[in-house]
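This report refers to the structure that appears directly beneath it.
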Number of protein chains: 2
Amino acid sequence: MVSDPNVYFAKTLEKGLTVLGLFDKDHSRRTLSEISRLAGINKTSTYRLVNTLVLLGYLSKNARSKALRLGPKALLFGHTIVQGYELLHMVKPLIDEVHRLCNVTIDSTLVDGQTLLALYRREASSTLFFRQPLASEDLHARATGKAVLSRMDQSDLETFLAKAPFKKITPNTIDQASVLLRQIEEDRNRGYSINNEEYLQGLICIGAPLMNFQTGKVAGAISFDLPTTEYTIESLISTYAGQVTKLANDISELVTMNES
Amino acid sequence: MVSDPNVYFAKTLEKGLTVLGLFDKDHSRRTLSEISRLAGINKTSTYRLVNTLVLLGYLSKNARSKALRLGPKALLFGHTIVQGYELLHMVKPLIDEVHRLCNVTIDSTLVDGQTLLALYRREASSTLFFRQPLASEDLHARATGKAVLSRMDQSDLETFLAKAPFKKITPNTIDQASVLLRQIEEDRNRGYSINNEEYLQGLICIGAPLMNFQTGKVAGAISFDLPTTEYTIESLISTYAGQVTKLANDISELVTMNES
DNA sequence: CCCACTGTTACTATAATAGTAACTATGTTA
DNA sequence: TAACATAGTTACTATTATAGTAACAGTGGG
């Protein structure tokens with residue numbers, strides 16, 4: 001929990017958002033004590049926050065078990081916020097169009113510090129299903145991650161490398177900094193990155209970075225995901241390298257416009 | 001803004017959520033004064049709240065123009081919350097499966113007071129595109145709305161009827177309570193409702209209510225949406241009436257389980 | 001250049017929150 | 001059944017955060 005001893009900082013709001021943010025896909029039900037423990041807020045204050053969220057409809061409380069879960073208001077709130085994210089609406093039609101033409105799964109992510117955040121994803125009906133993370137720190141194991149790393153500035157890259165070796169997710173996952181560095185060097189030159197079953201077995205991906213042309217900074221990345229049953233790395237590159245860099249370029253223009 | 005003079009109620013949290021909720025699809029950029037005015041919070045307090053949200057990354061502020069918009073953290077937060085809504089994950093596979101079989105656009109909504117909230121929507125690729133509302137009070141003009149009305153209890157129905165005649169959205173929209181009452185009476189008997197271009201010209205829909213079997217209360221509704229270019233009301237009913245009521249029944253079981 | 005407006009900061013009375021502690025409810029173990 | 005453990009709720013204040021006023025700064029338009 002970030003804190004700031006500023007007069008113009010509403011601590012109660014920070015805590016309330018922390019509480020609400022504890023409810024996610026893997027934790028749709030929580031108890032008061034659990035929330036108190038996880039958020040590091042004392043029981044009475046937690047009770048006040050939770051009670052507020054219940055009264056406002058963001059949480060609902062089971063009358064018997066007292067178990068808490070998200071309420072309908074939270075669903076609306078979440079939807080509203082996601083829809084209110086301007087860049088999403090700028091990016092969506094471009095991705096949908098390429099998806100329509102190629103019938104391929106396309107993923108777009110934004111970089112926030114050392115984390116990749118899901119922006120918009122359009123799935124081909126045939127893609128093998130896996131749970132897409134909303135936020136990921138496994139940049140070393142994803143096509144989008146390597147695309148971002150290939151354009152990151154030196155200091156940020158060093159921060160990232162500091163925690164090497166990286167989490168081994170599949171047998172193919174790169175866990176040595178030297179190998180990763182060689183790859184992203186190559187990716188920088190050719191303009192796209194490859195994921196060879198490094199994140200999920202059976203899935204290969206080709207990614208390209210999203211740039212803010214004005215600042216020269218990397219803003220995120222996109223990737224096309226395909227099953228190994230239908231593609232090899234070579235056919236993936238020959239089929240999609242042009243498309244993915246073109247799309248990344250188009251989206252980069254939107255990102256640049258949006259951030260200025 | 002709901003308020004409560006309770007000791008166990010965090011007003012600052014309420015206000016902060018109100019501020020964040022002001023950012024939606026049609027209002028992705030806002031100014032401090034605007035927020036202050038809309039939320040009914042004085043300028044300094046608004047400044048504190050906004051500043052907090054900026055520091056936490058939920059909002060980002062343009063350094064020059066001072067314009068505010070949602071930040072990456074808000075996108076993640078919104079996604080996390082939506083994904084944290086348990087019922088969504090229970091309902092999704094059922095809807096996806098019927099979508100796969102029928103290649104039809106399926107919409108599911110939950111009723112919250114007098115409002116329909118979007119739960120999950122799966123679009124057929126061919127559907128004519130329109131902007132799906134996240135929250136709607138136009139129950140009289142939608143298949144889901146009429147499905148819900150057909151199972152609402154008397155007092156809630158009267159509350160709803162109190163604001164008749166209803167907003168005319170297309171030439172076909174029903175704006176007389178008597179006509180609407182006759183229709184929902186029929187819908188109650190046959191188990192499904194029809195929308196004959198009453199919400200959008202060129203779009204006809206068939207809906208069915210979601211029930212909590214344990215409490216006997218209506219919890220929401222689903223609908224299949226189809227273009228008039230491919231279907232008539234008659235062919236819509238003969239093709240989908242069985243499917244939609246079956247799916248509604250299956251989802252109702254989940255709703256019942258979920259709410260107990 | 002002035003005006004009107006938005007955003008920022010200083011200041012303090014007032015109101016809200018944190019934290020302790022006691023109490024209740026519920027379920028578990030001996 | 002009693003004792004115990006745990007989770008949730010409430011009462012009570014010292015402390016501290018916030019609301020609101022007012023003054024100031026920055027910006028763009030006329």
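Reminder, nothing fancy here: chain letters follow the sequence lines and each chain counts from 1.
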May I ask you to say whether B:K73 pairs ionically with A:D112, meaning some side-chain N is under 4.0 Å from a carboxylate O? no

Could you tell me how far apart A:Y47 (OH) and D:dC12 (P) are, to the nearest whole angstrom? 16 Å

Could you check whether A:R142 pairs with A:D107 (Lys NZ or Arg NE/NH1/NH2 to Asp/Glu carboxylate O, under 4.0 Å)? yes

Ion pair check, B:K246 and B:D250, cut-off under 4.0 Å: yes

Tell me the ring pair (Phe, Tyr, Trp, His ring centres under 6.0 Å) pairs involving residues 11-38 of chain B, sequence neighbours left out? none

Close aromatic pair by centroid cut-off 6.0 Å: A:F160 and A:F166: yes

Rounded to the Å, how far apart are A:I35 CD1 and D:dA7 P? 13 Å

For nucleotides 16-25 of chain D, read 5' to 3', which letter fits each nucleotide if B means a protein heavy atom sits under 4.0 Å from the base, S means only the sugar-phosphate is that close, and - means neither? -SBBBBB---

What is the distance, to the nearest angstrom, from the CG atom on B:L32 to the C1' atom on C:dT6? 8 Å

Between A:S33 and D:dG8, does any side-chain N or O lie under 4.0 Å from OP1 or OP2? yes

Test side chain to side chain contact (heavy atoms under 4.5 Å, CB included) applied to B:L119 and B:L88, B:I95, B:I251, B:I222, the passing residue: B:L88

Would you say C:dG27 has OP1 or OP2 under 4.0 Å from some side-chain N or O of A:K66? no

